[in-house]
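Shown next, in structure tokens, is the structure this report addresses.
Keep in mind that the numbers below use all heavy atoms, side chains included, and drop hydrogens, waters and symmetry copies. One is the number of the first residue; the rest follow in order along the sequence.
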Amino acid sequence: MTDHNDDLKPLAIEGQLPLKAVGIENLKEENPKHMPPNRYLFPWYARRPTPAARLAVLASVLPKGVDSNEILSLMQIEPRFDIDVDLAEYVERKKATEDERSGTLGDHYGYPRPFESTPSPKQRKNLHEKLRNHWDGELPTVFDPTAGSGLFH
């Protein structure tokens, strides 16, 4: 008898994910002043926050062992300048000082709201290369968990 689990590829979703940093982004999105525009279009009873949905999709196709910094970067959760700590730690530090900020959340965190950004052409090229290497030369087919609610750009 053949074990079908032998054919399964280890995925990032099985490893350590930057859950706290993504949770912070979910909280930021819940603020009515910072909701994505599609939240105003129609009431969707089970809509998921953009960061959580992006993490679920990426971690479901990326190989196990992908660095959390790379995942956060692909999700557009990273400042537009060099930092001296990993991205998850940076986001957590910024959350701790959020109430003391002067200016917008984008100014405070050093990056725009992630749902307003998409990976650069270079990031997409590197992502596709990594995925093709992991998935035997093919890009994986991804089911849209948002049922077309316009969550991904």
Side-chain angles (χ1 to χ4, degrees), residues 2-31 34-39 41-42 44-96 98 105-106 108-153:
T2 309
D3 184 5
H4 294 291
N5 288 334
D6 292 341
D7 297 334
L8 298 178
K9 295 182 176 290
L11 300 171
I13 203 164
E14 300 171 70
Q16 297 293 317
L17 297 175
L19 298 177
K20 190 168 185 179
V22 171
I24 289 168
E25 288 300 321
N26 289 338
L27 291 172
K28 285 168 51 183
E29 189 176 294
E30 283 298 313
N31 183 328
H34 305 288
M35 285 186 196
N38 61 325
R39 298 272 310 254
L41 294 177
F42 60 90
W44 184 253
Y45 63 92
R47 187 185 179 292
R48 302 295 180 247
T50 307
R54 283 185 174 185
L55 178 63
V57 170
L58 277 171
S60 296
V61 296
L62 285 169
K64 188 173 185 176
V66 169
D67 183 70
S68 288
N69 285 337
E70 183 176 355
I71 292 172
L72 290 172
S73 178
L74 285 167
M75 294 175 62
Q76 305 304 290
I77 300 173
E78 70 176 327
R80 303 302 185 237
F81 47 83
D82 291 333
I83 57 174
D84 60 351
V85 296
D86 71 30
L87 290 175
E89 186 176 339
Y90 173 84
V91 172
E92 291 170 31
R93 285 182 184 180
K94 287 298 183 177
K95 177 63 178 169
E98 197 175 276
L105 283 175
H108 180 69
Y109 281 84
Y111 54 88
R113 298 176 294 182
F115 65 82
E116 294 179 334
S117 303
T118 57
S120 70
K122 182 180 179 182
Q123 285 178 309
R124 286 193 302 269
K125 181 181 176 191
N126 291 340
L127 173 62
H128 288 176
E129 184 177 312
K130 184 178 294 276
L131 292 174
R132 282 188 178 100
N133 287 339
H134 185 68
W135 294 101
D136 303 324
E138 299 290 328
L139 291 178
T141 300
V142 177
F143 171 73
D144 179 2
T146 66
S149 74
L151 186 62
F152 296 102
H153 301 181

Candidate pair Glu98 and Lys95, rule side chain to side chain contact (heavy atoms under 4.5 Å, CB included), full reasoning: CA-CA 5 Å; Glu98 197 175 276; Lys95 177 63 178 169; 3.4 Å; yes

Are Gln76 and Glu25 linked by a side-chain donor-acceptor pair shorter than 3.5 Å? no

Could you check whether Gln123 and Ser73, counting side-chain N and O atoms only, form a donor-acceptor pair closer than 3.5 Å? yes

Do Leu17 and Val22 have side-chain heavy atoms sitting under 4.5 Å apart? no

Quick one: pull up CD in Glu92 and CG in Asp86 and give me the separation to the nearest 0.5 Å. 8.0 Å

List the atom of Tyr109, the atom of Val91, and the distance in Å for their closest heavy-atom pair. CE2-O, 3.8 Å

Describe, in one word, how the ring planes of Tyr90 and Phe81 are oriented to each other, choosing from parallel (under 30°), tilted (30 to 60°) and perpendicular (over 60°). perpendicular

Under 4.5 Å between any side-chain heavy atoms of Arg124 and Thr118, yes or no? yes

Over all atoms of both residues, closest heavy-atom pair of Arg80 and Ser117: NH2-OG, 3.7 Å

Residue pair Ala52 / Asn26: nearest heavy atoms and the distance that separates them: N-OD1, 3.2 Å

Just verifying a value: how many Å separate Leu131 CG and Asn126 CG, rounded to the nearest 0.5 Å? 11.0 Å

When rounded to the nearest 0.5 angstrom, what distance separates CZ in Arg93 from CD1 in Ile24? 12.5 Å

What are the two closest non-hydrogen atoms of Ala88 and Ala21, and how far apart are they? CA-CB, 3.9 Å

Are the side chain of Asn69 and the backbone of Leu87 linked by a donor-acceptor contact shorter than 3.5 Å? yes

Using 0.5 Å steps for rounding, measure from the NZ atom of Lys130 to the CD atom of Glu70. 4.0 Å

I'd like to know if the side chain of His108 and the backbone of Lys94 have a donor-acceptor N/O pair within less than 3.5 Å. yes

Report the distance from atom NZ of Lys9 to atom NE2 of His134, rounding to the nearest 0.5 Å. 5.5 Å

Side chain to side chain donor-acceptor pair (under 3.5 Å) involving Ser60 - partner list, sequence neighbours excluded: none

Please report the interatomic distance CG(Asp67) to CG(Leu62), rounded to the nearest 0.5 Å. 11.0 Å

